[in-house]
Visitor: 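Pasting a structure below so you can have a look.
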Amino acid sequence: MGLKSALSKPFAAFAVWQINKWKYNAVNAQQQILKRLVATAALTAFGKDHDFSHIKDYTDFKKHVPIQDYEGLKPYVDRVVAGESDVLWTGKPLYFAKTSGTTSGVKYIPLTKESMPEHIKAARNAILTYINETGKADFVNGKMIFLQGSPVLTVKNGINVGRLSGIVAHHVPAYLQKNRLPSYQTNIIEDWEQKVDAIVEETISEDMTLISGIPPWVQMYFDKLSAKAGGKKIADLFKNFSLFIYGGVNFEPYRAKIEQSIGRRIDSIETYPASEGFIAYQDQQGDKGLLLLANAGIFYEFIPADEYYNDQPTRLSLGEIDLNTNYALILNTNAGLWGYSIGDTVKFVSKNPYKIVVTGRIKHFISAFGEHVIGEEVEHALLTVANEEKVEITEFTVAPQVNPKAGELPYHEWFIEFSKPPQDVMAFSKKVDEALQKKNIYYFDLIEGSILQPLIVRTLQKDAFVNYMKRVGKLGGQNKVPRLSNDRKLADELERYIV
């Protein structure tokens, strides 16, 4: 055992001791955070406009602070971007995390001196809780790779701007820097395919022990590694590779192919980071629920997903939630986001401690006919049948076909890139449709009532989604393919890749 791994175990035990102090007292931790957030921001422009000085509790808070997405906060963000101080939070941000918005173009998410350390601490603690639970720490002696955006930052009115993963790269602890790959020179390559090729060259002969990234882009890295090594499995290249850390998307659709590429099953940690805040991570190997970070500078609110578009939706604090209910997630943060709808939906699977699973995006659903099918349902239906049929899926998305050929009923159209296709696509489609009917009663009624015909699967060419993302300039980094769309924009683009 190396020195780093030996020291990491008592460090991990101490970190878990600290976590446990709020883990089983999360509601009280949230109440204290709300008080601190409101008190700190009372004299900001937003605090004055929303009368923070008169907010005494959560009931008051709901009366003063509206629910809003980026567009709602944009007038305040624009003032911060222009260089004004004390607008959403005290002083000026340390950084802006630059992301692409669907309606607002580029989004600038503030990261402050209070919020930035929480991102780093959460990423660190995800690993430390794993070490404490399993006793496995040898991986810290080997090389670690984090597939991420470029660390190159620009400056806008005195504030550094970059992608979140690139910003985080500047905060990797010194004791990990020598273990960390890729090199800075490789990390700053903007073209994703060129970058992955360069990463392959740098890592193929190294003792890689930990690999982290969004699953589809990690799969691209594995494919290129294997091709370079004459078809070898990743486990044969990296004998000591033992931990995979991922986030951003549900891993299950990618699990079979990634594990096939590796050549064996290895431990993994799911994380839930976002530019707006690090929200949760998996703290137990046998539990798919993610520990909600109730003491990390974020006050959470939850809106029942089926009320989200109501004029006056129900707003709940952590102590008011129910298990197994789909909620839209709302954030109030020490970076100055208030009543901020992040766009994700979550479901609680435990209250002691509070643990969630991410169920989808509030805007990623299909309800062209009133069925309101969500991401969790389509993933469950597809993966259940795929596992039964020994089918492997690279990527997929679903859209409604409202205007089919004359004489046909409308249907849900599934665009699937298979790495191991079914022997009979029509029979496979029928089973997936039956599984979806069992998950969603509204969809069942529409099929039963002959309003919709059963779903239709379109088999796509190899690398269809990679080629699509490349064509629209979204290959790599933090970009993800939406599982569901309520329109045909993505579907129409993918038609060119149908086999």
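All figures in this text were calculated on a predicted structure; none of them were measured in a lab.
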Visitor: Distance alone, cut at 3.5 Å: any donor-acceptor contact between the side chains of Gln282 and Asp287?
Guide: no

Visitor: Looking just at side-chain N and O atoms, do Ser341 and Tyr70 make a donor-acceptor pair shorter than 3.5 Å?
Guide: no

Visitor: Testing the 3.5 Å rule here: is there a donor-acceptor pair between the side chains of Asp267 and Tyr130?
Guide: yes

Visitor: Report yes or no: do Gln285 and Thr134 form a side-chain donor-acceptor pair below 3.5 Å?
Guide: no

Visitor: Is Lys439 salt-bridged to Glu376, going by a charged N under 4.0 Å from an acidic O?
Guide: no

Visitor: For Arg483 and Glu395, what are the C-alpha separation, side-chain angles and deciding distance, and is it a side-chain contact (heavy atoms from CB on, under 4.5 Å)?
Guide: CA-CA 9 Å; Arg483 286 278 180 257; Glu395 188 64 276; 2.4 Å; yes

Visitor: When you check the side-chain N and O atoms of Lys420 and Gln260, is any donor under 3.5 Å from an acceptor?
Guide: no

Visitor: Which one of Leu73, Ile330, Asn332, Ile342 satisfies the side-chain contact (heavy atoms from CB on, under 4.5 Å) criterion with Leu337?
Guide: Leu73

Visitor: Given Ile298 and Tyr300, is the side-chain contact (heavy atoms from CB on, under 4.5 Å) satisfied, shown in steps?
Guide: CA-CA 6 Å; Ile298 303 171; Tyr300 303 98; 3.6 Å; yes

Visitor: Do we see a donor-acceptor contact under 3.5 Å between the side chains of Thr359 and Thr345?
Guide: yes

Visitor: Is a side-chain N or O of Asp283 found less than 3.5 angstrom from the main chain of Thr129, in a donor-acceptor match?
Guide: no

Visitor: Hey, does the side chain of Asn310 reach the backbone of Gln312 with a donor-acceptor pair shorter than 3.5 angstrom?
Guide: no

